[in-house]
Amino acid sequence: MAIFSVYVVNKAGGLIYQYDNYVPRSEVEKTFSYPLDLVLKHHDEKVIVSFGQRDGIKVGHALLSINGVDVIGKNTADGKDTLEYLKDPANYPVSIRFGRARLSSNEKLMLASMFHSLFAIGSQLSPEVGSSGIEMLETDVFKLHCFQTLTGQTDNLKSALEVAEKAGNFGAGS
């Protein structure tokens, strides 16, 4: 089993520590002619596919590069607005690389506090008295485990994570 991310959250729901070992698995690069048969839009400082799945490109995938130039936010690395660039027929044929964008620091903070809220709600709504809350959330793609320290202190957990990182337990081959 591979560990892709570790989040350490305090009792108040604040993110204390985050380790990300995410390697994008599905990046798709295609060459397109004008007009582009995908609908793209700005969303959360990224350009994403909003309509028109095809050839491994899915709704929600972000633009990662255009003609080998990385896309950073809404612009290419050389400062061109990506949607304006793709509207111009003179720029075609164009090679576009799509994939899942990495989470921003703000998105990681929101996810950590949101999971903490779900954990607290699960603890309170449980029919079992003294329930410890969510232990594992399982989907068809991943398992999200929730571990608690017995004392509520995170010092031991941070040490364990550092030892695990040095031992190489993180990543696609573990």
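What you are looking at is a predicted structure, and each value in this text was computed from that prediction instead of being measured. These values consider heavy atoms only, across backbone and side chains, with no hydrogens, waters or symmetry-generated copies.
For the pair L38 and I57, the minimum side-chain heavy-atom distance is below 4.5 Å. Residues L64 and V71 form no side-chain contact, since every pair of their non-hydrogen atoms from C-beta on lies 4.5 Å or further apart. Here the side chains of H61 and I48 are not in contact, with every heavy-atom distance at 4.5 Å or above. Side chains of L63 and F98 form a contact here, defined as non-hydrogen atoms less than 4.5 Å apart. A heavy-atom distance below 4.5 Å is not found between the side chains of T76 and D70. When side chains are defined from C-beta on, I96 does not count as touching V28, because their heavy atoms never get closer than 4.5 Å. Counting only heavy atoms from C-beta outward, the side chains of V39 and V49 never approach each other to under 4.5 Å.
From L83, atom CG reaches atom CG of D88 across 13.0 Å, with rounding to the nearest 0.5 Å. Distance check: E45 CD to I72 CD1 gives 13.0 Å after rounding to the nearest 0.5 Å. Of the inter-residue distances, the one linking L111 atom CG with H116 atom NE2 reads 14.5 Å to the nearest 0.5 angstrom. Separation of atoms OG (S50) and NE2 (H42) is listed at 11.5 Å; rounding is to 0.5 Å.
Counting heavy-atom neighbours within 6.0 Å of E29 CD, excluding the residue itself, gives a total above 12. For E135, the CD atom counts as loosely surrounded, since its 6.0 Å shell holds 12 or fewer non-hydrogen atoms of other residues, nucleotides or ligands.
Using a 4.0 Å cut-off between charged side-chain N and carboxylate O, K74 and E84 make no salt bridge.
With hydrogens and angles ignored, the 3.5 Å screen pairs no side-chain donor or acceptor of D81 with any backbone N or O of N75. Without hydrogens or angle criteria, Y7 side chain to F115 main chain gives no donor-acceptor distance under 3.5 Å. The closest donor-acceptor contact from the side chain of E138 to the backbone of K143 lies at 3.5 Å or more, if one exists at all. Formation of a donor-acceptor pair under 3.5 Å by the N91 side chain with backbone atoms of Y85 is found in this model.
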query = Can you list the steps and then say if I66 with V94 is a side chain to side chain contact (heavy atoms under 4.5 Å, CB included)?
reply = CA-CA 7 Å; I66 298 175; V94 65; 3.4 Å; yes
inquiry  = side chain to side chain contact (heavy atoms under 4.5 Å, CB included) for K30 and D55? Distances and angles first, verdict last.
reply    = CA-CA 9 Å; K30 296 285 181 192; D55 301 326; 3.3 Å; yes
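Summarising the geometry of L36 relative to F32, their closest heavy-atom pair is CD1-CG, 3.5 Å, with the distance given to 0.1 Å. Here the closest heavy-atom approach between residue Y92 and residue S33 is recorded as CD2-C, 3.5 Å. A pairwise comparison of heavy atoms in V9 and I16 identifies C-CD1, 4.3 Å as the closest pair.
The hydrophobic cluster containing I121 does not contain M110, counting ILVMFWY residues as joined when their side-chain heavy atoms lie under 4.5 angstrom apart, directly or transitively.
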